[in-house]
Protein chains: 2
Amino acid sequence: MLSGPSAMDLSFRGLFDPSLDASATPIIHTSPPEQSLILCRPPKILEEGEMTEDNPEVYLESNDLWTQFHKYGTEMVITKSGRRLFPPLKARCTGMDRNAKYIFLMDIVTADDCRYKFHKSRWMVAGKADPEMPKRMSIHPDSPATGEQWMSKVVNFHKLKLTNNISDKHGFTILNSMHKYQPRFHIVKAHDILKLPFSTFRTYVFCETEFIAVTAYQNDKITQLKIDNNPFAKGFRETGNRRREKRHVFH
Amino acid sequence: MLSGPSAMDLSFRGLFDPSLDASATPIIHTSPPEQSLILCRPPKILEEGEMTEDNPEVYLESNDLWTQFHKYGTEMVITKSGRRLFPPLKARCTGMDRNAKYIFLMDIVTADDCRYKFHKSRWMVAGKADPEMPKRMSIHPDSPATGEQWMSKVVNFHKLKLTNNISDKHGFTILNSMHKYQPRFHIVKAHDILKLPFSTFRTYVFCETEFIAVTAYQNDKITQLKIDNNPFAKGFRETGNRRREKRHVFH
DNA sequence: GAGCTTCTCACCTAGGTGATAAAA
DNA sequence: CTTTTTATCACCTAGGTGAGAAGC
């Protein structure tokens, strides 16, 4: 039967941590997954009846856009107040047991142990990586849900935000500027979030989502791709109505 | 132990109904609560150490504003696309067992069996009530959570929307225009949403939140209170910058 | 007419963009 | 000096308001 809650349960779940903003993605702190299945390939079109049960596969949504960024070296801005990723991290699933329950998670881990600098229009290694903050695991808020439910929609982690503020209390993912990172998806077959630490993770990695964290964009090609594709940056497009009148000079 | 999901479980929970908009408040359909505790009184200030365990009390947040509206006869606009309530339905809790888990719910039920009309600046009975759609029960999305977690914050149902569209697929609450309704809060001590239909409800009713559903405001006093207090209506305040230039005439 | 509903509008709130200047 | 970070801005997206015209 379900046992009563304990301090351990709650700190693990992180779902109701009162120090966190209610609108933030629920978070947990986990040990590394016990078992990993690494995938990095283009989506496969499924034939009718090809669906196999309990062999979950994950496809990166809009991977063509991710690939355009990856070609130049994707950069993600991190700010004190938190910044979303662009392109957004979205996944589609197949191969789940339609009736079983799964928990969908993601995290962002260091891609290597280097510090980088952008020099002469190129990213170059600039020494050993700085110490990292403990990484957070983000549970998709719809978790747990059945395979049927996960497979019927695009799984979107748009609420996840990046920050360089090591004292962040919003539950954002804390990264080091000028360091390279790799987002990952995880699927756990589990009825209950409390059972997560004792469950087997399947991990899905898409190389084209690798990025370098920056406090200001370094590569103009990346800036232009962001402006051209992010709806919130429409004001900076050539076709936009942006008035380029003289700017107010700060004190 | 936790049993596998069934069609019955899922239709009851409604949490992952794919026909519903993902951003809408999760809904369930329930039978009437087995047991009700009716409360309607001003908030009480708790002394240190006065907290008793597992005797949950609920207080209406900003009940002074609700009372201002109630004095004139609160009206809530209902539209096809869905309209929020104003003032917002917010609650504070005390007296919960800090370590036990609770589910927080609300619904809106008919206040009487009358149809109303606004005639000569007064609400008057205008016959028997029309047939009602089955009422939805809204689970607060943080459910289930511990007493500690519920008591540490204001519980807000701002995502709930009202509609007169009987074919609504967003999970909004469907009401009849010109009929009187009463919102209610419910607290259930339960670890698991699946156990809800077999659990005992405590129900909390605040008379000052009673309202008549309308498609357009009838009482100018209510309109003015909405304009003066709802931030989204700031454009209609006298102090606002609203240009009252000539209006476009629709074809 | 009179009563009620629907649609579009200007005007807001709320918050996600890169540019830019200034600070570190 | 160079490099990186921070704060503020105009400009967007997204969506919640009542007003008012039009529809029923």
Side-chain angles (χ1 to χ4, degrees), chain A residues 21 23 75-86 88 115-119 126 130 158-159 161-165 176-179 213-218 220 222-237 239-251, chain B residues 21 23 75-86 88 115-120 126 130 158-159 161-165 176-179 212-218 220 222-237 239-251:
Chain A
D21 187 276
S23 66
E75 300 172 27
M76 296 288 175
V77 167
I78 56 179
T79 66
K80 198 173 164 185
S81 56
R83 201 76 151 191
R84 287 187 186 173
L85 286 89
F86 189 89
R115 168 178 250 286
Y116 289 83
K117 65 176 175 183
F118 194 71
H119 191 65
D130 293 338
H158 66 278
K159 282 187 177 174
K161 286 192 177 184
L162 309 180
T163 187
N164 57 349
N165 180 7
N176 282 332
S177 186
M178 303 313 210
H179 288 61
V214 296
T215 55
Y217 289 126
Q218 303 295 312
D220 293 342
I222 292 297
T223 309
Q224 201 53 49
L225 276 173
K226 301 258 184 179
I227 290 172
D228 290 344
N229 293 281
N230 190 332
F232 289 109
K234 189 181 271 187
F236 300 104
R237 294 183 193 163
T239 54
N241 313 334
R242 186 163 205 239
R243 294 178 243 149
R244 303 196 182 259
E245 60 197 22
K246 71 171 189 289
R247 306 255 320 160
H248 170 252
V249 178
F250 307 131
H251 44 112
Chain B
D21 186 277
S23 66
E75 299 171 28
M76 295 289 175
V77 167
I78 57 179
T79 66
K80 197 174 163 183
S81 57
R83 200 78 151 192
R84 288 187 185 171
L85 286 89
F86 189 89
R115 169 177 249 285
Y116 289 82
K117 65 176 175 183
F118 195 71
H119 192 63
K120 292 177 181 167
D130 294 338
H158 67 279
K159 281 188 178 174
K161 284 193 177 184
L162 310 180
T163 186
N164 55 351
N165 180 7
N176 282 332
S177 185
M178 304 316 222
H179 288 64
I212 294 180
V214 295
T215 55
Y217 290 126
Q218 303 295 313
D220 293 342
I222 293 298
T223 309
Q224 202 53 50
L225 275 173
K226 300 259 184 177
I227 290 172
D228 290 345
N229 293 282
N230 190 333
F232 289 108
K234 189 180 270 185
F236 299 104
R237 294 182 194 164
T239 53
N241 314 333
R242 185 165 204 237
R243 296 177 241 149
R244 303 197 183 259
E245 60 197 23
K246 70 169 188 290
R247 306 253 322 161
H248 171 252
V249 178
F250 308 129
H251 42 112

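Residue numbering restarts at 1 for every chain, and letters A, B, ... go by the order of the sequence lines. All heavy atoms count here, side chains included; hydrogens, waters and symmetry mates do not.
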A.B. asks: Taking CD1 from A/Ile227 and P from D/dC11, how many angstroms apart are they, rounded to a whole number?
C.D. replies: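 In whole Å, D/dC11 P lies 14 Å from A/Ile227 CD1.
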
A.B. asks: Between B/Phe232 and B/Lys117, just flag the one whose closest nucleotide in DNA chain C comes earlier from the 5' side.
C.D. replies: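 Its nearest nucleotide being more 5', the pick is B/Lys117.
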
A.B. asks: Whole Å only: how far is the OH atom of A/Tyr217 from the P atom of D/dT6?
C.D. replies: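 One finds 16 Å between P of D/dT6 and OH of A/Tyr217, rounded.
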
A.B. asks: Are A/Lys234 and D/dT13 close enough that a side-chain N or O sits under 4.0 Å from OP1 or OP2?
C.D. replies: yes

A.B. asks: Can you tell me the Watson-Crick or wobble partner of C/dG18, both distances under 3.5 angstrom?
C.D. replies: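 Base-paired to D/dC9.
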
A.B. asks: A/Leu162 has an atom CG; how far is it from atom C1' of D/dT6, in whole Å?
C.D. replies: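 Taking CG of A/Leu162 and C1' of D/dT6, I get 17 Å after rounding.
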
A.B. asks: Determine the minimum heavy-atom distance between A/Thr79 and A/Thr163, stating which atoms define it.
C.D. replies: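 Closest approach of A/Thr79 to A/Thr163: O-OG1, 2.8 Å.
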
A.B. asks: Looking only at heavy atoms, what is the nearest atom pair of B/Val214 and B/Met178, with distance?
C.D. replies: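 Closest approach of B/Val214 to B/Met178: CG1-SD, 4.1 Å.
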
A.B. asks: Backbone N or O of B/Gln218 within a donor-acceptor pair of the B/Glu75 side chain at under 3.5 Å?
C.D. replies: yes

A.B. asks: Could you tell me how far apart B/Arg115 (CZ) and C/dC4 (P) are, to the nearest whole angstrom?
C.D. replies: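 Nearest whole value for this atom pair: 7 Å.
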
A.B. asks: Could you check how far CZ of A/Phe86 sits from P of C/dG18, rounded to whole Å?
C.D. replies: 9 Å

A.B. asks: Between C/dT5 and B/Ser177, is there an OP1 or OP2 to side-chain N/O distance shorter than 4.0 Å?
C.D. replies: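 True: B/Ser177 side-chain N/O within range (under 4.0 Å) of C/dT5 OP1/OP2.
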
A.B. asks: Below 4.0 angstrom from OP1 or OP2 of D/dT4, is there any side-chain N or O of A/Asn164?
C.D. replies: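 For D/dT4, neither OP1 nor OP2 has a side-chain N or O of A/Asn164 closer than 4.0 Å.
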
A.B. asks: List for me each residue that meets side chain to side chain contact (heavy atoms under 4.5 Å, CB included) alongside A/Phe232, sequence neighbours excluded, and say none if there are none.
C.D. replies: A/Arg84, A/Asn230

A.B. asks: Tell me which of B/Ala233 and B/Thr215 sits closer to the 5' end of DNA chain C, going by the nucleotide each one is nearest to.
C.D. replies: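 Going by which nucleotide is closer to the 5' end, it is B/Thr215.
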
A.B. asks: Could you please name the option among D/dT5, D/dT13, C/dG18 that lies closest to any side-chain atom of A/Arg83?
C.D. replies: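 Closest nucleotide to the A/Arg83 side chain: C/dG18.
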
A.B. asks: If the condition is salt bridge (Lys or Arg N to Asp or Glu O under 4.0 Å), which residues does A/Asp130 pass it with, not counting sequence neighbours?
C.D. replies: A/Arg115

A.B. asks: Does D/dG16 have OP1 or OP2 sitting under 4.0 Å from an N or O in the side chain of B/Lys161?
C.D. replies: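 Answer yes for this pair, as a side-chain N or O of B/Lys161 is under 4.0 Å from OP1 or OP2.
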
A.B. asks: If I take atom CD in residue A/Gln218 and atom P in nucleotide D/dT5, what distance separates them, rounded to the nearest angstrom?
C.D. replies: 8 Å

A.B. asks: Quick one: B/Lys80 NZ to C/dT5 C1', roughly how many Å, whole number?
C.D. replies: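 Answer to the nearest Å: 11 Å.
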
A.B. asks: B/Lys159 NZ to D/dG15 P: how many Å, rounded?
C.D. replies: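 Between P of D/dG15 and NZ of B/Lys159: 12 Å.
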
